[in-house]
Amino acid sequence: MKNFSSLSEIKASLKTGTLSCATLVEHYLKNIEEHKHLNAFLEVYTEEARLQAQRVDEKLRLGTAGRLAGLVVGLKDVLCLQDKGLQASSKILDGFISQFTGTAVQRLLDEDAIIIGRQNCDEFAMGSSNENSAFGPVRNAADPDRVPGGSSGGSAVAVQADLCQVSLGTDTGGSVRQPAAFTGLVGFKPSYGRISRWGLLAYASSFDVIGIFAKSIEDCALVLEVMAGPDEYDSTATQLEVPAYTQKLDRGNAKYKVAYIKNTLESEGLSAAVKQRTVEKLRWLEEQGHTVEAVDFPLLDYMLPTYYILTTAEASSNLSRFDGVRYGYRSPNADSLESMYKLTRSEGFGAEVKRRIMLGTFVLSASYYDAYYTKAQKVRRLIKEATQALLGTYDFLVMPTTPTTAFKLGEHTEDPLEMYLADIFTVHANLCGIPAISLPNGTDSSGLPVGIQIVADLYQEDKLLAFSQYLQGAAT
Amino acid sequence: MKIDKQTLQKIAHLARLEFEEESAEAMMADLSKILDWVEQLNEVDTEGVEPLTHMSVEVNVLREDLSQEPLSRERGLKNAPEKDQDYFRVPKVLE
């Protein structure tokens, strides 16, 4: 079976009768089986997916099918689906079964999407290589000796290897865009609050958003349109009306003002290939008559430290709920309540999660709160204000998604700081709560995918997706 | 900032974690290194800047105040490592 580039292609085949949801699901199930070595899925919902496919085929026959009929979706192992396992790739949630379905996932189901399984990720979404999973690393389908990026690595590889059409990941500091860049996909992070977080296992609540892996902008726009909007279970989800993103992808001959931050292209760790691809894209935009200007952004170097102080602080608080009392793993070796807490958490969490909980607990402790936590909140405001001032003048910021292409397994596992640098260009959008996307931007000399990142102002997803569609259209 | 053994133990207790000899050494080294790195922020002048504490643009979004059962007791207890009919069970707290 062919690798469909978009849901509209699938729908066209469904319409002519050359394809049914049932055969489509069998195709993905077979692909999943044949790509087990990539370790992308933690659990495959074989029977449910088959059953749902039959139901959707019947609805198609009756003409009552929803907008996502024919879309097969995978979920990162941090999104709740009722009566299915969920454990954030962590031992501490061994045996956990979701007791409800999260809002975003429910909205996909309501439009007749088929959920095919849950996908491997870094433990509690903490990592940039998918090597921090209790279930082992995920491998990049472009080169199995290389990482897929993280933390939503399984979700990226599942779309890359055509194990499903679309995946939902989460993006706290780049966890959708960075793996999308490493696997040659579209990876989209909406504005903070655009999609409800109800049913998303929290890492850092003022950063977390649900994001989308897709092969096309139109799929991305459609899935966003279905999931976005107010939710009575998440008061941070915006009440703003949801634009018809799918209807706004064509902006004709619009001319844009684009800025790139000078020091991103002069950054020390930036690989020659990624730099070259980025410069080429900027030059092309200029040739097409768009305005492209270099700007200074002196706060660039402070983004990662700000990100790590704030996210670890929030994580230490969010992850305090994993205490062995109400769900998941409980250490069998405890003889008192306190030792139960300590042993459960020490045995259940992996090394990186413990490191971040410790750092977060430290920066929130009474003696250091102001010096670290409050300080970072102040710098966050400066970064957000400076960025939105730029986006008042320019339509978009353009920069590499990642400093390098996919690195080898084990290459950065020794030094946590080295690994953190993989997110140097992606944390920006999360610090500001603004939307950003990674688009495929050619390959390096070894054929590994390169990504380019476009950043827009708050709630300008429609404009961002239209520009992305334009760039993608030009690339093919 | 250098994290010594005493600080590590204090923080570990607050986080309800424990570290054995060897992993304690590694954690102290990692934390010290990461803290040195984040201390770059001291170079930024934040005089008079208000901390940014909320990212949502929404203010006081409330749903109608109706009594509902969001999760049944049965479902609430479903994942408990140890429970009886109505409660989670934990090791004895009082002698």
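Just so we're on the same page: letters track the sequence lines, and every chain starts at 1.
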| message | Is there a side-chain contact between A:Ile357 and A:Phe124 in this structure, where contact means two heavy atoms from C-beta onward sitting under 4.5 Å apart? | response | no

| request: Considering non-hydrogen atoms only, spot the tightest contact between A:Leu86 and A:Asp77 and give its length. | output: CA-OD1, 3.5 Å

| task | Please name the pair of heavy atoms, one in A:Leu299 and one in A:Ala386, separated by the smallest distance, quoted to 0.1 Å. | result | CD1-CB, 4.4 Å

| Residue selection (most heavy-atom pairs with chain B, distance under 4.5 Å) from A:Phe207, A:Phe96, A:Phe100 | A:Phe96

How about the chain A/chain B donor-acceptor pairs under 3.5 Å, what are they, with distances?
residue, atom, partner, partner atom, Å
A:Asp83, OD1, B:Arg75, NH1, 2.9
A:Asp83, OD1, B:Arg75, NH2, 3.4
A:Asp83, OD2, B:Arg75, NH2, 3.3
A:Ile97, N, B:Asn79, OD1, 2.9
A:Ile97, O, B:Asn79, ND2, 2.8
A:Gln99, OE1, B:Arg75, NH1, 2.7
A:Thr236, O, B:Ser56, OG, 3.4
A:Thr238, OG1, B:Glu58, OE2, 2.6
A:Gln239, N, B:Glu58, OE2, 2.9
A:Tyr302, OH, B:Glu43, OE1, 2.4
A:Arg326, O, B:Ala80, N, 3.3
A:Arg330, NH1, B:Glu82, OE1, 3.2
A:Arg330, NH1, B:Arg89, O, 3.0
A:Arg330, NH2, B:Arg89, O, 2.6
A:Lys342, NZ, B:His13, ND1, 2.8
A:Arg345, NE, B:Ala15, O, 3.0
A:Arg345, NE, B:Arg16, O, 3.3
A:Arg345, NH2, B:Ala15, O, 3.0
A:Ser346, OG, B:Glu18, N, 2.8
A:Ser346, OG, B:Glu18, O, 3.4
A:Arg355, NE, B:Asp30, OD2, 2.9
A:Arg355, NH2, B:Asp30, OD2, 3.4
A:Tyr372, OH, B:Glu39, OE2, 2.5
A:Lys375, NZ, B:Val44, O, 2.8
A:Lys375, NZ, B:Thr46, OG1, 3.0
A:Gln377, O, B:Leu52, N, 3.0
A:Arg381, NE, B:Glu50, O, 2.5
A:Arg381, NH2, B:Pro51, O, 3.2
A:Asp415, OD1, B:Lys33, NZ, 3.2
A:Asp415, OD2, B:Lys33, NZ, 3.0

| said: Heavy-atom pairs under 4.5 Å with chain A: which of B:Val61, B:Val44, B:Leu41 has the most? | reply: B:Leu41

| remark: Whatever's closer than 4.5 Å to a heavy atom in chain A on B:Ile3 counts as side chain

| chain B contact via A:Ala237 - side chain, backbone, both or neither, heavy atoms under 4.5 Å | backbone

| request: Tell me, for A:Met358 versus chain B, whether the close heavy atoms (under 4.5 Å) come from the side chain, the backbone, both or neither. | output: both

| query | Top residue by heavy-atom pair count (under 4.5 Å) with chain A, among B:Leu62, B:Val93, B:Val57, B:Val59? | reply | B:Val57

| What option among B:Ala80, B:Ala15, B:Gly76 has the most heavy-atom pairs under 4.5 Å with chain A? | B:Ala15

| task | Indicate yes or no: at least one non-hydrogen side-chain atom of A:Val379 is less than 4.5 angstrom from one of A:Ile383. | result | yes

| Which bit of B:Leu71 comes within less than 4.5 Å of chain A, counting heavy atoms only: side chain, backbone, both or neither? | side chain

| Nearest-0.5 Å distance, CD1 of residue A:Ile97 to SG of residue A:Cys80 | 11.5 Å

| field | Stepwise side-chain contact (heavy atoms from CB on, under 4.5 Å) check, A:Leu319 with A:Met126 | value | CA-CA 12 Å; A:Leu319 272 58; A:Met126 296 179 190; 3.9 Å; yes

| message | Looking at chain B, which one of A:Leu364, A:Val363, A:Leu304 has the largest number of heavy-atom pairs inside 4.5 Å, strictly under? | response | A:Leu304

| query | Considering only heavy atoms, which portion of B:Val90 lies under 4.5 Å from any heavy atom of chain A: side chain, backbone, both, or neither? | reply | both

| Are any non-hydrogen side-chain atoms of B:Phe88 and B:Leu77 less than 4.5 angstrom apart? | yes

| field | Flag side-chain contact, heavy atom, 4.5 Å: A:Ile195 against A:Leu200 | value | no

| query | Distance from A:Leu240 atom CG to A:Leu458 atom CG, nearest 0.5 Å? | reply | 8.0 Å

| task | Decide yes or no for A:Phe362 and B:Leu35: does some side-chain heavy atom of the first lie under 4.5 Å from some side-chain heavy atom of the second? | result | yes

| task | Under 4.5 Å heavy-atom distance to chain B, tell me which part of A:Leu431 shows up: side chain, backbone, both or neither. | result | backbone

